[in-house]
Amino acid sequence: MSDYQYIKEQDPDVYAALVGEEERERIGIELIPSENYASRAVREANGSIFTNKYSEGYPGRRYYGGQEFTDAVETIAIDRAKQLFKAQYANVQPLGGAAANVAMYFALMEPGDTVLGMDLSHGGHLTHGHPTTCINKVFNFVRYKMKDVDTGEIDYDELRAVALEHKPKIILAGFSAYTRELDYAKFVEIAKEVGAYTVADIAHITGLIAGGVLQNPFDHGFDVMTMTTHKSLRGPRGGMIVVREEVDIAKRINKAVFPGMQGGPQMHTVAAKAVAFGEALHPSFKDYAAQVVKNAKAMEEVFKAAEVRLLCGGTDNHMLLADVYGSLGVTGQEAETVLDEVGITLNKNMIADEPRTAMDPSGIRFGTPALTTRGMREAEATQLAELMLATLKAKEDNAAKVQLRQQVKDLCERFPVPERFV
Ligand SMILES: *Cc1c(COP(=O)(O)O)cnc(C)c1O
């Protein structure tokens, strides 16, 4: 049965777009490392009647009546989130990762205060103080970098020196284009020295931490984690903030989310988060998370054998960054376009110390959360990496591209997106 029976009858234009997207997802392979497929159950909750309800406030403390079921579902989401991340407190209302970060900054700082975060050209995210963002007008951002872009090792000496000089209120660990594990204990040690909070923005690796394949920053004493729920965690599009143990921090976070920044929570998304967290607590999610990393390693091997330069020298997580311009003479934009033509979706990306431009950089970024959800394992990840390299070499060869397109489609059809994960 179609998901969209009523839309089909009532609104053919929107229906056409939905069906088009379904087909695009069905026959193409998704390698954007921040994307995934949510289960049917998550999408049912996300499309549910909770969208009708205003529920400003928090469970047991709302500004409107009729909250019996919103309280129930938000409490389920909070309890499961706490269990997943070993947190004492969780706020499940942030609309996305960006909103979670803004609320976190305002909860922990006063205007003019300083954040020490990863350099944006070395993998930090826009929301870590990019000049074009609103928060950059309010807070001061200083940076640490990698010591060696070919191993990915962070320059912890520099991090400490910058911290001592600028006395940040927050030391922020986290990235959207970086492939190695961080030394969280080091961050905590330096933060203690300068009296800063430690926050990990785990937006990309949420599912890998929940699934136990990457370290949990809370095990090393971090204060707060911000995250998304739609990337490797495989939930609905949204954000979340969890607090390790300090009640005072938790209170300030709650106030900053509502009424500080947001209005009524999107309770349909909160319900979908609760369902996704339930899936992530299921033992099978550990296997999924482990397979995501194994698949990334399999792709790493193919690129290494072809002597394509990988930033950080490879990967510990779900993501790879390849210097395709330096190694193959294909720019990031050319690579994105030609791969799209054969049904492989990924994004161009700046590499550390980028010699080219943001609009046409040297690199591509890709990852394995979505293909792993389709049930693909090392053999298919290897095949895909080989198809990628063949496509990058085919460039203008249309006959070769038609064949490659068919191979990608065949692979996708062998691994349809599953409706349920548990
Ligand atoms: C994706 C991401 C965000 C932003 O999340 P949105 O849901 O798109 O707002 C924030 N921080 C990091 C590190 C990210 O990867």
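None of these values were measured; they are calculated from a predicted model. In each ligand, atom 1 is the first atom listed, and ligand 1 is the first ligand listed. In what follows, every heavy atom counts, from backbone to side chain, and hydrogens, waters and symmetry copies are set aside.
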Do any side-chain atoms of residues 256-271 form donor-acceptor pairs under 3.5 angstrom with protein atoms, and if so which ones, sequence neighbours left out?
from : atom 1 : to  : atom 2 : distance (Å)
Q262 : OE1    : L95 : N      : 2.9
Q262 : NE2    : Q93 : O      : 3.0

Check: salt bridge (Lys or Arg N to Asp or Glu O under 4.0 Å) between K304 and E300: does it pass, once the steps are laid out?
Finding: CA-CA 6 Å; K304 275 193 172 160; E300 170 188 322; 2.8 Å; yes

Item checked: Exam field: side chain E354 to backbone S362, donor-acceptor pair closer than 3.5 Å -> yes

Note to self: Is it the case that the side chains of N295 and Q291 hold a donor-acceptor pair, with the cut-off being a distance below 3.5 Å and no angle test?
What the structure shows: yes

Checklist line | Aromatic centroids of F85 and F222 separated by under 6.0 Å | finding: no

Item checked: Every residue of the protein that comes under 4.0 Å of ligand 1, judged on heavy atoms -> G96, G97, A98, N101, H125, T127, F175, S176, D201, A203, H204, T228, H230, K231

Check: Does a side-chain N-to-carboxylate-O contact under 4.0 Å join K186 and E189?
Finding: no

